[in-house]
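This one's a predicted model, so the numbers in the text were calculated from it and none came from an experiment. Naming: A, B, ... by sequence-line order, numbering from 1 per chain.
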Amino acid sequence: MPELPEVETTKQGIFPYVMDEKITQVVVRQSQLRWPIPNTVQQLANAVVVAVTRRAKFILLATDQGQVLIHLGMTGALRILPQGVAPGKHDHVDFLLSSGLMLRYTDPRRFGAVLWAPTGEQHAMLQHLGPEPLSEEFSAAYLHAQAQGRSKAIKPFIMDNKIVVGVGNIYAQEALFKAGIHPSRAAGRISLARYQALHQAIVAVLNAALAAGGTTLKDFTKADGQPGYFQQELAVYGRAGEPCVNCAAPLKKALHGQRSTVYCGRCQR
DNA sequence: ATCGGGACCTGCTTGC
DNA sequence: TGCAAGCAGGTCCCGA
């Protein structure tokens, strides 16, 4: 379930293999992902990759013919393999490269997406996105200002892409625990000082995960080179009923928009 | 405008 | 044992 650190790590992992390469052919075995893969991608040939970037959880392959957008959904993965490696059941797309390698997109649940945008145009999905969480633009003051008058619970608030991108279910829970904020508290009823703690917590958990992920990707061409997880130091995620690492009280579980949230009723207010 | 709930999809876990 | 229900999760869409 890639969250922003996993996506960033993946981007860095594929970069040396796809940058400046020519995509000679795109092999699509399953075009029905979250959205259908556009024909422009399927028919792409001899497009040179001129940039590999990330925006929110999208990996952007800019080519001299236009931009390929790749979203990993929650079970998606990108790997670099030699051409000719037999595809598995969930290997939906191969981008064949002039180097003889290929970029293979795998996604068992097909929640991810492969999209297209002409050069110089921003895909509709990238418009109206909030700031990157690790940018200067994202600050406690910004969060506090955005939250004014909002009754929405803070947890779905920070998971809202229009507020800030890249904060998924796992890190939202971890950051709120770290900041001592109850996940159900209305976003508009949190002080600037507490937003400073929350901002720091979000940045800290993302950076820690990024550091952990970055060390797992020595060789991105290995078949089993799945991006590593940030499973260490998860204080609350998936630990409902277990003792709080701070106070030992049993962690509680709540739902926010069908998403489960684990928190400490004593440490988080 | 804002909010909450449903839908998408499949594999793994849980429960009868 | 076998099967069905439950759950996971990012994002869009719709109705209130």
Side-chain angles (χ1 to χ4, degrees), chain A residues 1-11 28-38 54-60 69-78 87-93 105-115 117 122-130 132-133 143 145-176 183-190 202 205-206 209 226-227 229-231 234 236-242 251-263:
Chain A
M1 37 191 115
E3 291 215 26
L4 184 134
E6 287 85 357
V7 177
E8 175 64 23
T9 301
T10 295
K11 186 210 82 182
V28 176
R29 295 178 203 86
Q30 168 60 273
S31 64
Q32 300 302 305
L33 304 180
R34 177 71 167 82
W35 298 282
I37 299 176
R54 178 189 62 74
R55 174 69 173 116
K57 293 175 182 169
F58 282 94
I59 291 172
L60 307 173
L69 292 78
I70 301 174
H71 197 295
L72 301 179
M74 76 161 276
T75 53
L78 287 171
K89 183 181 176 185
H90 304 298
D91 294 335
H92 306 311
V93 185
Y105 176 85
T106 305
D107 188 0
R109 288 182 207 171
R110 313 215 310 265
F111 258 36
V114 176
L115 301 172
Q122 192 175 45
H123 194 282
M125 206 135 296
L126 300 184
Q127 295 168 8
H128 316 298
L129 287 179
E132 290 286 328
L143 273 177
Q146 291 292 315
Q148 289 317 295
R150 301 288 296 270
S151 61
K152 193 180 215 177
I154 185 62
K155 193 222 180 189
F157 180 74
I158 58 173
M159 289 175 68
D160 184 344
N161 272 342
K162 292 191 285 301
I163 301 301
V164 59
V165 303
V167 181
N169 197 33
I170 298 174
Y171 299 127
Q173 294 175 54
E174 294 300 315
L176 286 167
S184 299
R185 176 170 289 275
R189 299 191 56 191
I190 294 173
I202 290 171
V205 296
L206 290 178
Q226 297 287 342
Y229 252 125
F230 179 60
Q231 288 178 332
L234 287 179
V236 286
Y237 175 77
R239 296 191 63 239
E242 295 177 38
L251 295 175
K252 296 183 177 179
K253 185 171 178 175
L255 283 181
H256 294 97
Q258 316 296 94
R259 294 284 173 279
S260 67
T261 308
V262 180
Y263 66 101

| Where A:Gln173 and A:Tyr237 come nearest, the two heavy atoms and their spacing |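 Scanning both residues completely, I find the closest heavy atoms to be NE2-CD1, 3.7 Å.
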| request: Tell me, with the steps shown, if A:Glu174 and A:Leu234 meet side-chain contact (heavy atoms from CB on, under 4.5 Å). | output: CA-CA 7 Å; A:Glu174 294 300 315; A:Leu234 287 179; 3.8 Å; yes
Can you tell me the distance, in whole Å, between the [atom1] atom of [X] and the [atom2] atom of [N]?
{"X": "A:Leu126", "N": "C:dT11", "atom1": "CG", "atom2": "P", "result": "11 Å"}
{"X": "A:Leu255", "N": "B:dG5", "atom1": "CG", "atom2": "C1'", "result": "12 Å"}
{"X": "A:Met74", "N": "C:dC7", "atom1": "CE", "atom2": "P", "result": "15 Å"}
{"X": "A:Gln258", "N": "C:dG9", "atom1": "CD", "atom2": "P", "result": "13 Å"}
{"X": "A:Leu69", "N": "C:dT11", "atom1": "CG", "atom2": "P", "result": "13 Å"}
{"X": "A:Asn161", "N": "C:dG10", "atom1": "CG", "atom2": "P", "result": "10 Å"}

Can I get a per-line list of side-chain donor-acceptor pairs under 3.5 Å for residues 145-153 of chain A, giving both atom names and the distance, sequence neighbours left out?
| unit_1 | atom_1 | unit_2 | atom_2 | d |
| --- | --- | --- | --- | --- |
| A:Gln148 | NE2 | A:His144 | O | 2.8 |
| A:Gln148 | NE2 | A:His144 | NE2 | 3.4 |

| Within residues 147-160 of chain A: residues closer than 4.0 Å to DNA chain C (heavy atoms) | A:Met159
Give me, pair by pair, the N or O atoms of the protein and of nucleotides 14-16 of chain C that are less than 3.5 Å apart, along with how far apart they are.
none

| remark: Residues at least two apart in sequence or cross-chain that pass ring-ring contact (aromatic ring centres under 6.0 Å, His included) with A:Phe58, listed by chain then number, are A:His71
| query | ring-ring contact (aromatic ring centres under 6.0 Å, His included) with A:Phe157: which residues, sequence neighbours excluded? | reply |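 If we apply the ring-ring contact (aromatic ring centres under 6.0 Å, His included) test to A:Phe157, skipping adjacent residues, there are no hits.
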| request: Using salt bridge (charged side-chain N to carboxylate O under 4.0 Å, His left out) as the criterion, list what pairs up with A:Lys162, not counting sequence neighbours. | output: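 Result, salt bridge (charged side-chain N to carboxylate O under 4.0 Å, His left out) vs A:Lys162: A:Asp160.
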| task | Find the bend of the helix from B:dT2-C:dA16 to B:dC16-C:dG2 as the angle between its two terminal axes (five pairs each), to the nearest 10°. | result |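 Overall, the helix from B:dT2-C:dA16 to B:dC16-C:dG2 bends by 60° from one end axis to the other.
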| A:Lys162 vs C:dG10: side-chain N/O to OP1/OP2 distance below 4.0 Å | no
In chain order, what residues pass the side-chain hydrogen bond (donor to acceptor under 3.5 Å, both in side chains) check against [X], with sequence neighbours excluded?
{"X": "A:Arg29", "result": "A:Asp94"}
{"X": "A:Arg55", "result": "A:Glu132"}
{"X": "A:His256", "result": "A:Ser184, A:Thr261"}
{"X": "A:Gln122", "result": "none"}

| Non-hydrogen side-chain atoms of A:Arg110 and A:Thr75 separated by less than 4.5 Å |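 Counting from C-beta outward, A:Arg110 and A:Thr75 never come under 4.5 Å.
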| B/S/- contact track for nucleotides 7-14 of chain B, protein heavy atom under 4.0 Å | -BBBS---
